Participant: 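Quick one: the structure is below, questions incoming.
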Amino acid sequence: MRHPLEKRLKRHVIGKDHDFFAVTPPNCETLVGAELAALGLKCRALPGGVAFSGRLHEAYRANLYLRSASRVLMRVHAFRAVAFRSLEKAASQFAWELFIPSGTPPRLNVTTHHCRLHHTDAIAERVAAIIAERLAQAAPAPAAPPAAAPQVFVRGVDDRFVVSIDSSGANLYLRGIKTHPGKAPLRETLAAAALMQAGFTGEQPLLDPMCGAGTFALEAALMAKNIPPGWFRGFAFADWPAFRASRWDHIRRKAAEQILELDRPRILASDIDPDACRRLDECIARCSLNDAVEVACRDFFELDPRDVADRPGLVALNPPYGRRLGGVAASRELVRAVLARLRSRYAGWKFVLVVPAALDLPGIGMPGQAYPFIHGGLPVNILLGEVPA
């Protein structure tokens, strides 16, 4: 006999449209909006993310396919509260068992702005206790506890609170590909955003000649092979009470049909560090990306792109800077040298160059545009441009 919860799940969760919010890194709202539109979803850019709506499986698709988003939240509850009594009443009346798996206490993330209830720890403590009591009474014991504690986000603005359930789990920049460390590695979402902003489609050559952990090369390989960025990882929604494995399997089968096999690598990753190259090569082999990426141990300042590419494409660089080089002055000199090398050897190539915002370069001597981002908590500029032919 089916548990009574099943009928409620079908009626109130599986069979209804829901509101979702794709959280984005700063200044990536437009890119994520374009990605959602490409999935056939109507969306609206807001500060900090992009809102969209649809059935549960649209959240599955968004997690699987979005390259530049941080996570996907499902809006599940909204209420007004000016005192803990009204907060507790609103939380107690909500059917948490329809959205949160039992077995592992959820993690509460609470923020408030201009709210009379502003003690975030106290809010989290009360809501967590109500959730635990409700799940104990209404939800069946799970066959296995969730792989990780589910996350609940409570955001209060002007005494209005919105509750969201995290569908992603680990941040989406964690692709499930890299297990090798890197020094100050670029986040995958930021690398993907830069590549998309530069117009990379996966069809043109790409050089990642200061590859380090290989973030640019790996993201470009996924794009070139049409592999969804979430292909190698799991998601929190797989633990939801309303999750249907058959629907998820269907989405993955459709994605698998679109994955390409390339006749030869279009991406060259190189670095002067042989250990970095070895670790990246092992990662590429483990993920079956050898048909997209070739790895070589080379110095950028000795590499001639004409020796490795039959036509101009995109060169993506994340050079070391800051304390790794000894300070701002050393960083500035390295960036100037990189730009000089681009001008002398990369005529007709487009470029992506990550530089600290503090460098304040007077000019790069080439057509280009700077996009501000946050990398590792530090402001950086991603310079996009084209080397004059």
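Both backbone and side-chain heavy atoms feed into the values below; hydrogens, waters and symmetry mates do not. Just so you know, these numbers come straight off a predicted model, no measurement behind them.
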Participant: Mind checking what makes ring pair (Phe, Tyr, Trp, His ring centres under 6.0 Å) contact with Trp349, not counting sequence neighbours?
Facilitator: Tyr346
Participant: Sequence neighbours left out, what passes salt bridge (charged side-chain N to carboxylate O under 4.0 Å, His left out) with Glu58? Give chain and number order.
Facilitator: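 Here the qualifying residues are Arg61.
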Participant: Just jot down the side-chain hydrogen bond (donor to acceptor under 3.5 Å, both in side chains) partners of Asn109, sequence neighbours excluded, or say none.
Facilitator: Gln151
Participant: With sequence neighbours excluded, give me every side-chain hydrogen bond (donor to acceptor under 3.5 Å, both in side chains) pair touching residues 14-40.
Facilitator: Asp17-Arg55, Glu35-Ser68
Participant: Quick one: ring pair (Phe, Tyr, Trp, His ring centres under 6.0 Å) partners of Phe153, sequence neighbours excluded?
Facilitator: none
Participant: Does Lys178 have more than 12 heavy atoms from other residues, nucleotides or ligands lying within 6.0 Å of its NZ?
Facilitator: yes
Participant: With side-chain hydrogen bond (donor to acceptor under 3.5 Å, both in side chains) as the rule and sequence neighbours excluded, what pairs involving residues 219-229 come up?
Facilitator: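 Sorted pair list: Arg175-Glu219, Lys225-Asp291.
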Participant: What verdict does the salt bridge (Lys or Arg N to Asp or Glu O under 4.0 Å) test give for Glu282 and Arg278, after you've listed the backbone C-alpha separation in whole Å, the side-chain angles of each residue and the deciding distance to 0.1 Å?
Facilitator: CA-CA 6 Å; Glu282 291 171 351; Arg278 175 184 54 79; 3.4 Å; yes
Participant: Atom CD1 of residue position Ile272 - does it have more than 12 heavy atoms of other residues, nucleotides or ligands inside 6.0 Å?
Facilitator: no
Participant: Cation over ring, Arg75 on Phe21, under 6.0 Å and within 45°?
Facilitator: yes
Participant: Please name all residues satisfying ring pair (Phe, Tyr, Trp, His ring centres under 6.0 Å) with Tyr60, sequence neighbours left out, ordered by chain then number.
Facilitator: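 With sequence neighbours excluded, Tyr60 shows a ring pair (Phe, Tyr, Trp, His ring centres under 6.0 Å) to Phe237, Phe243, given in chain and number order.
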Participant: Side chain to side chain donor-acceptor pair (under 3.5 Å) between Ser167 and Asn63: does it pass, once the steps are laid out?
Facilitator: CA-CA 8 Å; Ser167 71; Asn63 276 288; 2.9 Å; yes
Participant: Decide yes or no for Leu222 and Arg67: does some side-chain heavy atom of the first lie under 4.5 Å from some side-chain heavy atom of the second?
Facilitator: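 Contact flag for Leu222/Arg67 side chains = yes.
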Participant: What side-chain hydrogen bond (donor to acceptor under 3.5 Å, both in side chains) pairs are there with at least one residue in residues 233-252, not counting sequence neighbours?
Facilitator: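 Non-adjacent pairs meeting side-chain hydrogen bond (donor to acceptor under 3.5 Å, both in side chains): Glu6-Arg244.
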Participant: Can you name the ring pair (Phe, Tyr, Trp, His ring centres under 6.0 Å) partners of Tyr65, sequence neighbours left out?
Facilitator: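 By the ring pair (Phe, Tyr, Trp, His ring centres under 6.0 Å) rule, Tyr65 matches no residue at all.
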Participant: Taking side-chain hydrogen bond (donor to acceptor under 3.5 Å, both in side chains) as the cut-off, I'd like each qualifying pair that reaches into residues 201-213, sequence neighbours left out, listed once.
Facilitator: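 The answer is Thr201-Gln204.
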Participant: Can you run down the ring pair (Phe, Tyr, Trp, His ring centres under 6.0 Å) pairs that involve residues 101-130, sequence neighbours left out, and say none if there aren't any?
Facilitator: none
Participant: Tell me, yes or no, whether the heavy-atom count around Arg286 atom CZ, taken from other residues, nucleotides or ligands under 6.0 Å, exceeds 12.
Facilitator: yes
Participant: Quick one: side-chain hydrogen bond (donor to acceptor under 3.5 Å, both in side chains) partners of Arg298, sequence neighbours excluded?
Facilitator: none
